[in-house]
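Every value quoted in this text rests on a predicted model; they were computed, and no experiment measured them.
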Amino acid sequence: MKLKTLLSIATILLCGLGQKAGACSRVLYVGNDSLRIVGRSLDWKTPIPTNLYVYPRGMEKQGNTLPGSVTWTSKYGAIYAVGYDGGITEGMNEKGLVVNALFCKGTVYVNDSTMSRPPMSLAVFSGWILDQCATTPEAVEMLSAHNFNISGSTFDGGTVSTLHWGITDAQGRCAMVEFDHGTIRIYQGQDMPVLTNDPTYPKITAINEYWEKKGGSHTLPGTVSSPDRFVRASFFNKNVEKTADPDLGFSIVRSVLMNVSVPYTYTVEGEGNVSSTQWRSFANLRDLRYYFDVTTNPGVFYVDLSKCNLSKGAPVMKLDVSKSSAYVGEVNNHLFKTAPFNPMY
């Protein structure tokens, strides 16, 4: 059975993809009084139009339009960051579960044993987890069953969508999810602080352990490569102040993430893990605030998910990020009713 094309080019451009891909970084800040904020950067060589959608509970959804695709009814309301109005890059649900998709070179989603399983598109994969799971252990159990088959299309001369995922819940339980030739590898832990791109999670943490032994106050790797970003993010995240104040906590994790962002318009020719940071997000798992920071915007804005109507039958709401250049602070009043986005299966 041949691999089927499940995504359009627009959907592939979710988060640094394939040989010509961009980089991404994810940092978990752990403060006091259960404050946890997951910050992530999305890097690509050109701007990626990304809008925010708030979906209520109780919506019937499907993983693809192919026969026998995964289907579900959402248990939880969530906010999604949707690239090109066609594919979910990441998001946070009403229980404080966050899913972030990042590029990981070498990912292979399928093998002979997965091909007959129900199809699942990368356009909605992150949303499927957010819709169904309140905690990381629930997500791990659902993923471990592996009752689905993922594949991605190629574009731009053979570029392939290769991702891995960081999953974090409000209690700080984390899972890093990778696909190794069709086999799911899941690495779990409490308050796992950093995820970048390749190499795979066990290998990149070994690199970080080397630098931890060297210290960090006087020497840290300074390039924008994936391992260097991982090391710097780990060091600074470990050594910043802990606070219960959500505004100060946001400022702290934002500064850490900016330290590992790639300067705007900077690229390295031929290097798949280096592209400019286009936007950053920050998910406050305790207070259910989802911040968005567009690199070319002068300010940062957020949606307070706790103030959104997530009841069954409530309308889907959208924030048009292209109109956000003047937005600062809470922007719930800028959400408007909309039809669900059309997944680019």
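- Within the 4.5 Å cutoff, the side chain of Y29 has no heavy atoms near those of the V38 side chain.
- Checked by atom type, the side-chain pair T114/N149 shows a donor-acceptor distance below 3.5 Å.
- E178 is listed as a side-chain neighbour of Y201, based on a closest heavy-atom distance under 4.5 Å.
- In this model, no donor atom of one side chain and acceptor atom of the other lie less than 3.5 Å apart for R36 and N284.
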Practice prompt. For ring pair (Phe, Tyr, Trp, His ring centres under 6.0 Å), just list the numbers for Y327 and H334, CA-CA rounded to whole Å, side-chain angles, deciding distance to a tenth of an Å, and then say yes or no.
Written response: CA-CA 9 Å; Y327 293 172; H334 290 286; 4.1 Å; yes
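- R286 places a side-chain N or O within donor-acceptor distance of the main-chain N or O of A244, the cut-off being under 3.5 Å.
- Note: W279 and F292 meet the aromatic proximity criterion, with ring centroids under 6.0 Å apart.
- When the shell of 6.0 Å around NZ of K238 is examined, it contains 12 or fewer heavy atoms from other residues, nucleotides or ligands.
- Pairs engaging residues 60-81 under the salt bridge (Lys or Arg N to Asp or Glu O under 4.0 Å) rule: K61-D131 [sequence neighbours left out].
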Discussion item. Checking R229 against N259 for the side-chain hydrogen bond (donor to acceptor under 3.5 Å, both in side chains) test, could you report, in this order, the C-alpha distance in whole Å, the side-chain angles of both residues, the deciding distance, and whether it holds?
Written reply: CA-CA 8 Å; R229 284 183 282 112; N259 187 276; over 6 Å; no
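- Applying side-chain contact (heavy atoms from CB on, under 4.5 Å) to Y53 and the options I88, L335, V82, L319 leaves one that passes, V82.
- In this structure S322 satisfies the side chain to side chain contact (heavy atoms under 4.5 Å, CB included) test together with D320, sequence neighbours excluded.
- Between the R254 side chain and the F282 main chain, no donor and acceptor come within less than 3.5 Å of each other.
- Between the side chains of S325 and N297, not a single donor N or O lies within less than 3.5 Å of an accepting N or O.
- Contact check for P47 versus Y264: side-chain heavy atoms found under the 4.5 Å cut-off.
- One finds the OG1 atom of T196 at 9.5 Å from the CG atom of N208 (value rounded to the nearest 0.5 Å).
- In plain terms, the two heavy atoms of P119 and G68 that are nearest each other are CD-O, 3.6 Å.
- Atom CD in E90 sits 9.0 Å away from atom OG1 in T50 (nearest 0.5 Å).
- Salt-bridge formation is detected for the pair K318/D85: a Lys NZ or Arg NE/NH1/NH2 atom is positioned less than 4.0 Å from an Asp or Glu carboxylate oxygen.
- For the pair N32 (side chain) and K242 (backbone), a donor-acceptor distance under 3.5 Å is present.
- Considering CH2 of W128 and OG of S121, their distance stands at 12.5 Å, rounded to 0.5 Å.
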Discussion item. Checking S281 against D293 for the side-chain hydrogen bond (donor to acceptor under 3.5 Å, both in side chains) test, could you report, in this order, the C-alpha distance in whole Å, the side-chain angles of both residues, the deciding distance, and whether it holds?
Written reply: CA-CA 6 Å; S281 70; D293 179 11; over 6 Å; no
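- Under a 3.5 Å cut-off, the side chain of R232 and the backbone N or O of P221 do form a donor-acceptor pair.
- Side-chain polar atoms of D304 and N332 form no donor-acceptor pair below 3.5 angstrom.
- Residues in residues 138-148 take part in these side chain to side chain donor-acceptor pair (under 3.5 Å) pairs, two or more places apart or across chains: R117-H146.
- Relative orientation of the F125 and F148 rings is tilted, given thresholds of 30° and 60° on the angle between their planes.
- Put simply, V316 and V124 are part of the same group of oily side chains (I, L, V, M, F, W, Y) that touch within less than 4.5 Å, one to the next.
- By the neighbour-count criterion of 12 heavy atoms within 6.0 Å, atom CG of D247 is densely surrounded, having more than that number from other residues, nucleotides or ligands.
- At distances below 3.5 Å, at least one donor-acceptor pair connects side-chain atoms of N111 with backbone N or O atoms of S113.
- In this structure, I129 is a member of the same hydrophobic cluster as M59, with clusters built from ILVMFWY side-chain heavy atoms closer than 4.5 Å.
- A distance-only check finds a donor-acceptor pair linking the side chain of S276 to the backbone of T265 [under 3.5 Å].
- E209 places no side-chain N or O within 3.5 Å of a backbone atom of I204 that could act as its donor or acceptor partner.
- The hydrophobic cluster containing V140 does not contain Y76, counting ILVMFWY residues as joined when their side-chain heavy atoms lie under 4.5 angstrom apart, directly or transitively.
- Under the 3.5 Å distance criterion, the side-chain polar atoms of Q62 are left unmatched by any main-chain donor or acceptor of T71.
- Within a 6.0 Å sphere centred on CG of N342, other residues, nucleotides and ligands contribute 12 heavy atoms or fewer.
- The backbone N or O of A101 sits less than 3.5 Å from a side-chain atom of R40, completing a donor-acceptor pair.
- Between K203 and D198 no salt bridge is recorded (no basic side-chain N to carboxylate O distance below 4.0 Å).
- Defined by atom type and a distance below 3.5 Å, a donor-acceptor pair is missing between the side-chain atoms of D287 and S306.
- Between F235 and S217, the closest side-chain pair of non-hydrogen atoms falls below 4.5 Å.
- At least one side-chain heavy atom of Y187 sits under 4.5 Å from a side-chain heavy atom of R185.
- In this structure, CG on L285 lies 8.5 Å from CG on L35, to the nearest 0.5 angstrom.
- In this structure, a donor-acceptor pair under 3.5 Å is absent between the side chains of R280 and S25.
- The structure places CD1 of I37 at 11.5 Å from CG of L257, a figure rounded to the nearest 0.5 Å.
- Annotation: the span from I79 atom CD1 to M317 atom CE amounts to 11.0 Å, rounded to 0.5 Å.
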Item to complete: Quick one: do S126 and W165 satisfy side-chain hydrogen bond (donor to acceptor under 3.5 Å, both in side chains)? Show the steps, please.
Response: CA-CA 9 Å; S126 295; W165 289 263; 3.3 Å; yes
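- Not a single donor-acceptor pair under 3.5 Å links the side chain of T243 to the backbone N or O of L248.
- Within the 4.5 Å cutoff, the side chain of R26 has heavy atoms near those of the L28 side chain.
- L305 is listed as a side-chain neighbour of V54, based on a closest heavy-atom distance under 4.5 Å.
- A donor and an acceptor atom, one from each side chain of R289 and Y291, are located under 3.5 Å apart.
- Side chains of D43 and T277: a donor on one and an acceptor on the other come within 3.5 Å.
- Ion pair E330/K307 flagged as a salt bridge, since at least one NZ, NE, NH1 or NH2 atom sits closer than 4.0 Å to an Asp/Glu carboxylate oxygen.
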